[in-house]
Amino acid sequence: MTKRQQSRHVRVWSDQARHATVAYFPQSSAQCVFVSPPADKDIIMAYQIVDSNYGKNWVKLLHVTRNGPEHTIREWEVCSELTLNSKDDYISGDNSAIIATDSQKNTIYLLAKNHGLTTPEEFGLLLCRHFLAQYSHVNRVNILIKQHPWSRIQAADGPHEHAFVTVREAERGCQVRQLRGQQATVWAELNGLQVLKTTQSSFVNFVNDEYRSLPDAKDRVFSTVVSARWRYVGSQRPVDYDACWSAVREAILELFAGPARGGIFSPSVQNTLYLTQVRVLNQLPDVAEIEMVMPNKHYFSVDLSKFPRVGSASNDEVFLPVDKPSGNIRCVLARANSKL
Ligand SMILES: O=c1[nH]c(=O)c2[nH]c(=O)[nH]c2[nH]1
């Protein structure tokens with residue numbers, strides 16, 4: 001970074017009491033550093049590193065499993081984050097304990113080659129186990145994986161052996177985190193599932209005070225882009241991560257849309273979100289808790305009453321999709337006996 005670029009990010013002021021200059025980096029987790037440093041022991045006494053990690057972000061890889069002519073692909077972006085048992089690398093510039101982020105990237109490729117890829121969650125667990133076993137001075141491993149939504153092409157004569165198409169219905173990801181001496185924690189993610197229905201949604205009987213302008217809506221368009229993130233119970237028995245992910249997706253679609261004839265009624269985004277979470281916890285004993293976010297993407301009926309000669313007082317056909325702002329509804333539902 002040049003000096004000119006730096007000055008955009010850094011506020012510098014003089015700390016009279018300590019006779020030192022302090023800089024604040026808003027985008028950095030290290031919030032205070034001495035630009036003209038006092039004695040090292042002053043720094044050590046004044047501050048402590050509360051948390052730190054380092055690793056390689058978004059290592060892109062495509063893995064091909066070749067089962068004769070039938071091929072299966074997985075395209076992922078993997079982030080590794082390691083936390084060491086000492087902070088000497090940060091504090092004194094001693095690099096001797098650093099597992100280079102480049103080596104972390106190589107590890108991801110080598111484990112993919114040697115073990116193959118199954119689910120993102122299982123590969124995350126493999127990486128956690130590997131880093132903790134290979135390096136005794138690694139205290140914590142955090143792995144994030146995002147999966148590209150490839151789907152096998154359905155050709156006229158059946159599923160294609162080796163050709164795929166991107167179907168961006170929802171994106172899959174996971175986070176696996178393991179501390180030395182502890183069980184790994186696995187989170188799965190489903191993001192970007194955009195849905196819309198044209199009826200069977202209302203929003204009435206909310207607070208009616210001097211701030212309210214929204215009329216009761218007995219029948220409205222309901223659209224949202226669902227994000228869900230759920231934590232697995234850390235049990236010993238193996239989890240079918242693919243089946244769980246698909247079951248969460250199905251629960252979201254079922255509780256949003258309902259049966260093909262007639263659908264399902266929603267009194268609010270809050271209630272639909274909550275009922276979906278209840279369905280997930282009821283159906284999937286391996287899930288300990290689930291967080292869901294459903295922005296309320298508004299579609300307002302365009303006011304055509306100003307055009308009495310060509311328009312009509314009621315308009316239930318032409319809507320204005322409102323990009324921003326949206327409502328934002330979030331809830332974390334856990335089993336009542338779980339320790340969060
Ligand atoms: O389902 C809804 N929940 C709200 O909290 C809300 N607020 C709002 O303006 N519209 C809606 N819809």
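Whatever order the structure lists them in is the order used to number ligands and atoms, beginning at 1.
- Of the protein's non-hydrogen atoms, the one nearest atom 9 (O) of ligand 1 is Leu214 CD2, 3.5 Å.
- Criterion: ILVMFWY side-chain heavy atoms under 4.5 Å apart, direct or through other members. Under it, Val248 and Val233 are not part of a common hydrophobic cluster.
- Atom 12 (N) of ligand 1 has as its closest protein heavy atom Arg220 NH1, 3.1 Å.
- Each of the following atoms of ligand 1 lies closer than 4.0 Å to a heavy atom of Ser268: 1 (O).
- For atom 4 (C) of ligand 1, the closest heavy atom belonging to the protein is Phe203 CZ, 3.3 Å.
- Side-chain atoms of Arg180 come within 3.5 Å of backbone atoms of Leu132 as a donor-acceptor pair (strictly under, hydrogens ignored).
- Some N or O of Val269 is nearer than 3.5 Å to an N or O of ligand 1, by distance alone.
- Checked against a 6.0 Å centroid threshold, the rings of Tyr232 and Trp187 do not count as neighbours.
- Taking both residues in full, the closest heavy atoms of Ile264 and Lys197 are given as O-NZ, 2.7 Å, listed atom of the first, atom of the second, then distance.
- For the pair Arg220 and Tyr299, the cation-pi test (distance below 6.0 Å, angle within 45°) is failed.
- Nearest protein neighbour of atom 5 (O) of ligand 1, counting heavy atoms only, is Gln270 NE2, 2.9 Å.
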